[in-house]
Amino acid sequence: MSWLVGKMSKQINEVTIYTRPEVPIGSHPVETDDYQIPTNEILKVFAAVSRWIRLRVTGATIYGRPRLGKTWMVKFLEKNLPKEIGIEFPIHHIVSLHSKIAKEEEFLETLLMDMGHDFALSGKTSAKRNRLLSFLYQQGNANRFRIVLLFIDEAQCLDEQHYEWLIDYYNKLDRLNVTLVLILVEQEQLNAQQLVFSHGHADQIIQRFMNEEHKFIGIRSLEDIHV
């Protein structure tokens with residue numbers, strides 16, 4: 001018994017006391033809403049998108065019901081995909097497509113603004129188009145994979161005309177050996193929109209931007225956050 005008491009006393013003496021760090025009020029990640037929890041579902045999406053990039057898939061869809069955390073999922077992918085792929089490459093999150101009438105000038109402005117371009121609103125439509133293509137080419141040409149990844153949030157807001165413009169941008173960049181990869185993120189009606197395109201004359205939209213898909217289901221049980 002004495003040896004056990006002695007061992008316990010030694011362990012107590014060796015206990016390291018940790019003090020809680022002082023975090024200024026209002027700066028903790030929980031307070032600033034600047035934190036990410038990689039749930040099992042997010043990790044599944046992460047694996048799928050990583051595979052799409054390695055296979056140079058030019059377009060795919062991630063769809064699910066509203067309020068499941070798809071935007072947080074995109075933020076996690078933005079931060080961690082380059083580490084997984086092994087190179088730094090440009091990733092842009094396009095979030096503000098809500099025009100009821102498709103106008104290329106507004107579309108170009110949205111893309112440039114959400115990409116952080118300093119001159120998104122300057123010039124005529126042709127100048128903005130050239131500015132976008134030049135910006136994407138410079139970024140794509142600067143990485144070994146020669147790709148630029150675009151997450152388009154609220155993708156159900158896109159109509160056929162938007163996709164026609166995206167195909168045009170894709171083709172121009174492709175001639176310069178830069179691949180534009182689109183990941184369309186939104187609600188389940190995006191999947192229904194694909195069906196509408198398949199019955200029309202828009203097969204090239206599906207083949208270019210909707211040739212892979214993943215249904216995002218969010219958190220359904222406690223086990224879904226055990227990673």
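Nothing fancy with the numbering, it's 1 onward along the sequence. Just so it is clear, the values below take in all heavy atoms, side chains as well, and ignore hydrogens, waters and symmetry mates.
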query = So, do E84 and V49 sit near enough that their side-chain heavy atoms are less than 4.5 Å apart?
reply =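 SC-SC contact between E84 and V49 ruled out.
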
Would you list the atom pairs, donor with acceptor, under 3.5 Å between side chains in residues 116-124 and any protein atom, with sequence neighbours excluded?
unit_1	atom_1	unit_2	atom_2	d
H117	ND1	F119	N	3.0

key: Inter-residue atom distance I152.CD1 - H162.NE2, 0.5 Å rounding   = 9.5 Å

inquiry  = With rounding to the nearest 0.5 angstrom, report the CG to CD1 distance, L180 to I167.
reply    =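 So the gap between those two atoms works out to 11.0 Å.
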
Counterpart residues, salt bridge (Lys or Arg N to Asp or Glu O under 4.0 Å), relative to [X] (two or more places apart):
X    : result
E105 : K128
E78  : none
R131 : none

message = Set out, in order, the CA-CA distance, both residues' side-chain angles and the distance that settles side-chain contact (heavy atoms from CB on, under 4.5 Å) for I91 and F151, then state yes or no.
response = CA-CA 8 Å; I91 302 175; F151 285 100; 3.7 Å; yes

E41 and K70 ion-paired at < 4.0 Å = no

message = Minimum heavy-atom separation for V57 and E212, please, with both atom names.
response =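 Closest approach of V57 to E212: CG1-CG, 3.9 Å.
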
request  = Only counting residues at least two apart or in another chain, list the ones meeting side-chain hydrogen bond (donor to acceptor under 3.5 Å, both in side chains) with T58.
outcome  = none

ask   = Hey, is the main chain of V95 close enough, under 3.5 Å, to the side chain of D114 for a donor-acceptor pair?
value = yes

message = Using a 3.5 Å distance criterion without hydrogens, assess whether the side chain of N80 forms a donor-acceptor pair with backbone atoms of F76.
response = yes

key: Identified side chain to side chain contact (heavy atoms under 4.5 Å, CB included) counterpart of F107 within the set L132, L112, L158   = L158

inquiry  = Please confirm whether the ring centroid of F216 lies under 6.0 Å from the ring centroid of Y63.
reply    = no

key: Qualifying side-chain hydrogen bond (donor to acceptor under 3.5 Å, both in side chains) pairs with a residue from residues 135-151, counting only residues at least two apart or across chains   = H92-Q139, S134-Q138, N141-R146

